[in-house]
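We name chains A, B, ... by the order of the sequence lines, and we start the count at 1 in each one. Just the heavy atoms: all of them, side chains too, but no hydrogens, waters or symmetry mates, feed the values below.
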Number of protein chains: 4
Amino acid sequence: MSPRTPEQFREMRGQSREKILQSALDLFATKGYHVTSIEQLAKQAKVSKGLIYNYFHSKQTILEELIRIGLEEIDRISAETHEISDPAERLCRQFDLFGGLLRGNEAYWRLYTQLLTQPTVLETVQHRFGTFLEAQLEQMQELLAAVGFENSSIEARILAAVLDGIGFHYFIDETYPLDEVLTHLKMRYCGGN
Amino acid sequence: MSPRTPEQFREMRGQSREKILQSALDLFATKGYHVTSIEQLAKQAKVSKGLIYNYFHSKQTILEELIRIGLEEIDRISAETHEISDPAERLCRQFDLFGGLLRGNEAYWRLYTQLLTQPTVLETVQHRFGTFLEAQLEQMQELLAAVGFENSSIEARILAAVLDGIGFHYFIDETYPLDEVLTHLKMRYCGGN
Amino acid sequence: MSPRTPEQFREMRGQSREKILQSALDLFATKGYHVTSIEQLAKQAKVSKGLIYNYFHSKQTILEELIRIGLEEIDRISAETHEISDPAERLCRQFDLFGGLLRGNEAYWRLYTQLLTQPTVLETVQHRFGTFLEAQLEQMQELLAAVGFENSSIEARILAAVLDGIGFHYFIDETYPLDEVLTHLKMRYCGGN
Amino acid sequence: MSPRTPEQFREMRGQSREKILQSALDLFATKGYHVTSIEQLAKQAKVSKGLIYNYFHSKQTILEELIRIGLEEIDRISAETHEISDPAERLCRQFDLFGGLLRGNEAYWRLYTQLLTQPTVLETVQHRFGTFLEAQLEQMQELLAAVGFENSSIEARILAAVLDGIGFHYFIDETYPLDEVLTHLKMRYCGGN
DNA sequence: GATGAATGAGTATTCATTCAT
DNA sequence: CATGAATGAATACTCATTCAT
């Protein structure tokens, strides 16, 4: 009945939605959520202002969708290590994954950091982050204990701090020696393998 | 803002200008710079909107002044350690100072973190932060080398990351065991004294 | 809209165009013309937005078409009385017709009232209503004169006012005793037969 | 302290607020609430768009305030008749007041009629109108009974319908013979005095 | 005939800033 | 020094309308 098949429509929708999300991630991360206007977003996505509202209910909805996608991605990536049984190896692998995350998802990282430091933006999201970080912490504690660290609770806090601190510096300083720092850490925490 | 407000507020007391700065720090830090309106600021400072423009040329000027005061204060505080000649002791003292800074200047810390992750806000300020952080890094490297760490360059990076990471977590998590973590760090880096 | 939808909907049945008109009448009358969006209309008519523009040039055109159909129907209905020669009987019959109109065409009635009180909507339509009302007035005046009223000009004004006022109240108040009021009127104006 | 005295400020506020309300009444009544934009309103009131929001929280708030003022005015006017003890005289006086209301408050009358026929605009206001109209009805019923009408309940309905119908026609037809119609009504209902 | 993605002008509202007093 | 009324550009969002298929 319809001259464009439903399949075609789905395709169109998918592409536009993707363009919008991609541009939003870019702009929110580099300029900031509040500073990015829908007009700018539309321009960058090469899409009309109105179209954005065909796909997202509001500016905030776009942000929430970005968060959702990002957390999902992180979950997916970190799930890769679950099969590794040796704790030291698994710990080591975590560092690699972390480095990969930083490099491959700069924008997401920036965005998360902003959201976490800007209480007003998204209370719902802050809670999700909170629980996510707690889970990460707990996992690290277990690994550190398994590897032989005493006082694994505090050690996990420190390791988490190191990683987030590194992420922080990495995005402030474009010349940050990420590889060297991570290699050094691996030596300390998992024998460098 | 906080009752435990320390010395940097010698600069701000009683007078309108100081009330404005104080309220601005509070609001910018807790709600975010962009989300805070001049109207809110005026209300919180119990001052008329117009008066704010007698003291500051613009909203951004207020922010810049806050940054200036804050950095100055940090300089002043960290200068206290310069007289200590023993590197280990001096390093240890740095940790104490850091803890004190976090606790006594939550608002500043929050504000800085926000600014650093939101490139758009203040390009001029970012440069100042950049050089400040570099100086800190260099100082730490020297201390670590003096204390006996090999590869002090990377170790300094890691230490800086730990500290900033701790600051990050401290403000996300109200129950963060700051003292324990710092004590643990002192054991690792300066023999715990 | 209403299940008791009468004859004027012979024009509208089954086909898309009719579904559109039907839904438009319903929505315009209950929500208001300006507040009803084409999207809502399409949804209610179970038709695509685009299709609406195959049948009507614009939103306003739909309204105009509704008016046309409605006025035509009223003409058709009131024409039924033209064959009655006895003025009293004819007058009485008019009351019955009026009651039937109110009950059978709530939506139209609402719509007309809205349009008449909102000058901006449709200037063209207002003229048509004006002449229609004048014609009604004149007809009533003749009947009232024939039945024996002195000062039939003013009496016609009053009768017209009563009827429109009743219509007004009928739609404001869902419990309006329409039958009793009309019966009472028939006693006054045409001996109640 | 303030160079403009509080009194001066109050004066300014009052004047601007009045200009806005006056223009809003005018525009809402003649063009319709939805069709009137804040921009138009600002222009007509010779005031900036922003200023309107210094005085009213939203467009709807302006409407609500207009309603409030209008109902208050009607109450005030109709209270004038309460002192008259003779029912016939009081009834007669009501007609005069009604005529005066129509002539002196065209805009309000228009506005009310619109609101009552446009369910979507203001549900809160519709309730207030409902109770107001009921009270009017009851009062009329008492007067009619006192004057000697049988079946005063229905008669009150009819009288209310006549009046609202007259109001309706008066605003549709600029040449409406309001005085003659009212005089005629007075003859019927209260002996014409 | 029929679809719904896409457009862009238009709307209500906010807010940093100015200014008369 | 101090006030708050006033401004207008900017913003998020809506919606009638178009158009490729």
Side-chain angles (χ1 to χ4, degrees), chain A residues 1-6 8-17 34-42 46-62, chain B residues 15-17 34-42 47-62, chain C residues 15-17 34-42 47-62, chain D residues 1-6 8-17 34-42 46-62:
Chain A
M1 202 195 321
S2 91
R4 264 193 186 111
T5 64
Q8 277 174 308
F9 279 129
R10 244 174 33 87
E11 183 67 14
M12 287 170 79
R13 285 190 72 80
Q15 281 176 12
S16 293
R17 213 185 117 95
H34 288 113
V35 175
T36 301
S37 72
I38 291 288
E39 179 122 13
Q40 285 171 349
L41 175 49
K46 283 173 187 161
V47 140
S48 73
K49 249 183 302 177
L51 190 64
I52 294 176
Y53 290 88
N54 270 358
Y55 298 104
F56 303 96
H57 182 258
S58 69
K59 191 181 170 185
Q60 171 153 330
T61 308
I62 302 177
Chain B
Q15 312 311 331
S16 296
R17 186 172 191 277
H34 289 110
V35 174
T36 300
S37 71
I38 292 287
E39 180 114 18
Q40 285 171 348
L41 175 50
V47 140
S48 76
K49 254 189 297 184
L51 189 61
I52 293 177
Y53 287 86
N54 272 3
Y55 292 113
F56 303 96
H57 181 256
S58 69
K59 190 181 172 185
Q60 172 151 331
T61 310
I62 302 177
Chain C
Q15 311 311 333
S16 296
R17 186 171 193 277
H34 289 111
V35 175
T36 300
S37 71
I38 292 288
E39 180 114 18
Q40 283 171 348
L41 175 48
V47 139
S48 75
K49 254 189 299 182
L51 189 62
I52 294 177
Y53 287 86
N54 271 4
Y55 291 114
F56 303 96
H57 181 256
S58 70
K59 190 181 172 187
Q60 172 151 330
T61 309
I62 302 176
Chain D
M1 200 193 327
S2 89
R4 265 192 184 110
T5 65
Q8 277 174 308
F9 279 130
R10 243 175 34 86
E11 183 68 13
M12 287 171 79
R13 284 190 73 81
Q15 281 175 12
S16 293
R17 213 184 117 96
H34 288 113
V35 175
T36 300
S37 72
I38 291 288
E39 179 123 13
Q40 284 171 350
L41 175 49
K46 281 173 188 158
V47 139
S48 73
K49 249 184 302 177
L51 190 65
I52 293 176
Y53 289 88
N54 269 358
Y55 298 105
F56 302 97
H57 181 258
S58 70
K59 191 180 170 187
Q60 172 153 330
T61 308
I62 303 177

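Taking atom NE2 on D:His34 and atom C1' on E:dG10, their separation rounds to 15 Å, with Å as the unit. Atom C1' of nucleotide F:dC15 and atom CD1 of A:Ile52 are separated by 16 Å, given to the nearest angstrom. One atom, CG of A:Leu41, and another, P of F:dA10, lie 18 Å apart when rounded to the nearest Å. Here E:dT3 presents its C1' atom at 14 Å from CG of A:Asn54, a figure rounded to the nearest Å. Rounded to a whole Å, the NZ atom of B:Lys49 is 17 Å from the P atom of F:dA2. D:Gln8 has its CD atom 19 Å from the P atom of F:dA2, to the nearest Å. Summarising the geometry, the separation between CD on C:Glu39 and C1' on E:dA6 is reported as 13 Å, rounded to the nearest angstrom. If you measure from atom CZ of B:Phe56 to atom P of F:dC1, you get 12 Å, rounded to the nearest angstrom.
Taking for each of A:Ile38 and B:Ser48 the nucleotide of DNA chain F with the nearest heavy atom, the 5'-most of the two is the partner of B:Ser48. The 5' end of DNA chain E is approached more closely, in terms of each residue's nearest nucleotide, by C:Gly50 than by the other of C:Gly50 and D:Ser58. For the pair B:Val47 and D:Leu51, nearest-nucleotide mapping onto DNA chain F gives the more 5' position to B:Val47.
Close to F:dT7, at under 4.0 Å from its OP1 or OP2, lies no side-chain N or O of D:Tyr53. Note on C:Ser16: a side-chain N or O is less than 4.0 Å away from OP1 or OP2 of E:dA2. Taking 4.0 angstrom as the limit, A:Arg4 places none of its side-chain polar atoms (N or O) nearer than this to OP1 or OP2 of F:dA20.
Minimum heavy-atom separation, D:Ala42 to D:Ser48: CB-C, 4.0 Å. The minimum heavy-atom distance linking B:His34 with A:His34 is given by the pair CB-CB, 3.9 Å. The nearest pair of heavy atoms linking D:Gln40 to D:Thr36 is OE1-CA, 3.5 Å. Across every non-hydrogen atom of A:Lys49 and A:Ile38, the tightest pair is CG-CG2, 3.9 Å.
Set against E:dG1, F:dG4, E:dT21, the side chain of D:Phe9 has F:dG4 as its closest nucleotide. Side-chain atoms of D:Ser37 lie closest to E:dT11 of the nucleotides E:dT11, F:dA12, F:dC13. In the set E:dG10, E:dG1, E:dT21, the nucleotide with an atom closest to the side chain of C:Tyr55 is E:dG1.
A donor-acceptor pair is defined here as one N or O able to donate and one able to accept, closer than 3.5 Å; no such pair exists between the side chain of A:Gln15 and the backbone of A:Met12.
Figure legend. F:dA20 is base-paired to E:dT3; pairs are counted as Watson-Crick or G-U wobble with both atom distances under 3.5 Å. Both distances falling under 3.5 Å, in either a Watson-Crick or a G-U wobble arrangement, place F:dA12 opposite E:dT11.
Within 6.0 Å of CD on D:Glu39 lie no more than 12 heavy atoms contributed by other residues, nucleotides or ligands.
Here D:Lys59 lies in heavy-atom contact (under 4.0 Å) with sugar-phosphate atoms only. Here B:Thr36 lies in heavy-atom contact (under 4.0 Å) with sugar-phosphate atoms only.
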